[in-house]
Amino acid sequence: MAQQAVISDLPPSPHPAEALRADAKRNRERILAAARRLFSREGLGVSMTAIAREADVGNATLFRHFATKRLLIEAAFTDRVNLYNTLVTTCSKDPDPWQGFTDYVQCVCTLQASDPAFLEVLTLTLPDGVLEQRRAAADHGVLHLISRAKEAGRLRQDFSDHDLTLLLIANSGVLRAMDPTSHASRRLTAQMLRAYATTNTPTIPLPPPPPRTELCHAMIRLLRSHPARPTPPTPPGPTQSRTPETRRAHR
C-alpha cells in the first residue's frame, strides 16, 4: 500500500509530443548558443557543420531547425539588432543632438567589444528578412543622428557616415590586439569624437592612454597575427644577368 501511495504521488509522465517539443526546444537553444560563440570567435563565415559540432547535434537536427544559414544568423542576432535599433531611437530623441551622436558612437564601439560578429551583421545584406528591415531602419536613423549634429553646428560638415565605418575598422584592430580590460578602445573613440567635432563643441573627457609596454605587446601580437609575406622573385630584366637555363628559355 505504501508503494502504491508513493507511485500515486508521482507527477504524470509527460505526453510523448510534449517531451519531443521540450527536446527540440533544448536542441534549438544549444544550436543558437553554439552559433553565437563561433560567430563571435571566427566570424560569420564559419560552416554549418562546425556549428552542429559545437552544439553537439547532427547536421540533420541543425537543418531541421534552420534550413539555411541566413535563418540561423537572423535567429542568433535578432535580439542584438533590436537592441541596436533601440539605441539609435533613444539617441535620436536626445534634446542635445551632439550628446545623442556621441552616445551612439560610444555605445556602438562598446557593442563591438562585447560581440565582434554583431557589427559584421550590420554590414551584411540579408534580403527579404525581418533582420534586414530592422537594420535598414537603423541605418536611416543613424543618418538622421548625423544630420541633427551637423545642423546644431557640433559635427563637422565634411563628416560622412563612412567615417563611422573607418572608426569601427580601427577599433576592431585595437580590440584584437589589446587586453580586454584595456581602456584603449574608449581612448580611440574619444579621440575620434574630438576630431569629428567643430571648434566650438565642448570636448568629451579622455580616458588615460595605455602604458607603453601594453602598446608594445599589442603591436607584437598584431604583427604575429599577420606575418609578412615573402617577397616574390624579380623576373630578370634586359640588363640583368641570366642563368644558362633562362638564357636558353629566352632564345
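Heads up: numbering here begins at 1 and tracks the sequence.
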Name the atoms and distances for all side-chain donor-acceptor pairs under 3.5 Å in residues 94-108, with sequence neighbours left out.
from: D94; atom 1: OD1; to: D96; atom 2: N; distance (Å): 2.8
from: D96; atom 1: OD1; to: W98; atom 2: N; distance (Å): 3.1
from: D96; atom 1: OD1; to: Q99; atom 2: N; distance (Å): 3.4
from: Q99; atom 1: NE2; to: D103; atom 2: OD1; distance (Å): 2.8
from: Q99; atom 1: NE2; to: D103; atom 2: OD2; distance (Å): 3.4
from: T102; atom 1: OG1; to: W98; atom 2: O; distance (Å): 3.1
from: T102; atom 1: OG1; to: Q99; atom 2: O; distance (Å): 3.0
from: Y104; atom 1: OH; to: Y84; atom 2: OH; distance (Å): 2.7

- Task: Apply side-chain contact (heavy atoms from CB on, under 4.5 Å) to D23 and N27, showing your working.
- Result: CA-CA 6 Å; D23 185 60; N27 283 338; 3.7 Å; yes
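- Proximity of M48 to N59: side-chain heavy atoms (C-beta onward) are nowhere separated by under 4.5 Å.
- Rounded to the nearest 0.5 Å, atoms CZ (R135) and CG (N85) are 11.0 Å apart.
- The shortest non-hydrogen separation linking R28 to A75 is NH2-CB, 4.2 Å.
- Legend: residues meeting side-chain contact (heavy atoms from CB on, under 4.5 Å) with T86, ordered by chain and number and at least two apart, are T90.
- Atom CZ of R154 sits about 10.0 Å away from atom OG1 of T199, to the nearest 0.5 Å.
- Side-chain atoms of R30 come within 3.5 Å of backbone N or O of D56 as a donor-acceptor pair.
- Pairs passing the ring-ring contact (aromatic ring centres under 6.0 Å, His included) check and including a residue from residues 184-214, sequence neighbours excluded, read F159-Y196.
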- Message: Applying side-chain contact (heavy atoms from CB on, under 4.5 Å) to L193 and T189, what does each step give before you reach the verdict?
- Response: CA-CA 6 Å; L193 284 171; T189 305; 4.2 Å; yes
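- With sequence neighbours excluded, the residues that form a side-chain contact (heavy atoms from CB on, under 4.5 Å) with A184 are V174, M178, S182, P210.
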- Message: Walk me through whether L188 and M192 qualify under side-chain contact (heavy atoms from CB on, under 4.5 Å).
- Response: CA-CA 6 Å; L188 170 68; M192 294 309 299; 4.1 Å; yes
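- Interatomic distance, T78 OG1 to E74 CD, rounded to the nearest 0.5 Å: 6.5 Å.
- Smallest separation of non-hydrogen atoms from L32 and L72: CD2-CD1, 4.0 Å.
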Under 3.5 Å, sequence neighbours excluded: what are the donor-acceptor pairs made by side chains of residues 60-67?
from: T61; atom 1: OG1; to: R64; atom 2: NH2; distance (Å): 3.3

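- To the nearest 0.5 angstrom, R21 atom CZ is 11.0 Å from K25 atom NZ.
- The distance from the CD1 atom of I204 to the CD atom of Q191 is 9.0 Å, given to the nearest 0.5 Å.
- Side-chain contact check for I146 versus L164: some heavy-atom pair is nearer than 4.5 Å.
- Inspection of the S172 and R176 side chains reveals an N or O donor paired with an N or O acceptor under 3.5 Å.
- Between the K150 side chain and the L155 main chain, no donor and acceptor come within less than 3.5 Å of each other.
- To the nearest 0.5 Å, atoms CZ (R148) and NZ (K93) are separated by 11.5 Å.
- For P208 against H183, the heavy-atom pair with the smallest separation is O-CB, 4.4 Å.
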- Go through R186 and L206 one step at a time and tell me if the side-chain contact (heavy atoms from CB on, under 4.5 Å) criterion holds. CA-CA 8 Å; R186 292 197 299 113; L206 271 178; over 6 Å; no
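- Under the 4.5 Å side-chain heavy-atom criterion for grouping Ile, Leu, Val, Met, Phe, Trp and Tyr, L87 is connected to L83 within one hydrophobic cluster.
- Across all non-hydrogen atoms, the minimal contact from I31 to A55 is CA-CB, 3.9 Å.
- With K69 contributing its side chain and S47 its backbone, the two residues share no donor-acceptor pair below 3.5 Å.
- R194 contributes no side-chain N or O that, together with a main-chain N or O of T203, makes up a donor-acceptor pair within less than 3.5 Å.
- E54 is not listed as a side-chain neighbour of V46, based on a closest heavy-atom distance of 4.5 Å or more.
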Which side-chain N or O atoms in residues 111-118 pair as donor and acceptor under 3.5 Å with protein atoms at least two apart or in another chain?
from: Q112; atom 1: OE1; to: N171; atom 2: ND2; distance (Å): 2.7
from: Q112; atom 1: NE2; to: L168; atom 2: O; distance (Å): 2.8
from: S114; atom 1: OG; to: L111; atom 2: O; distance (Å): 2.9
from: D115; atom 1: OD1; to: A117; atom 2: N; distance (Å): 3.4

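- S92 and T89 share no side-chain donor-acceptor pair at under 3.5 Å.
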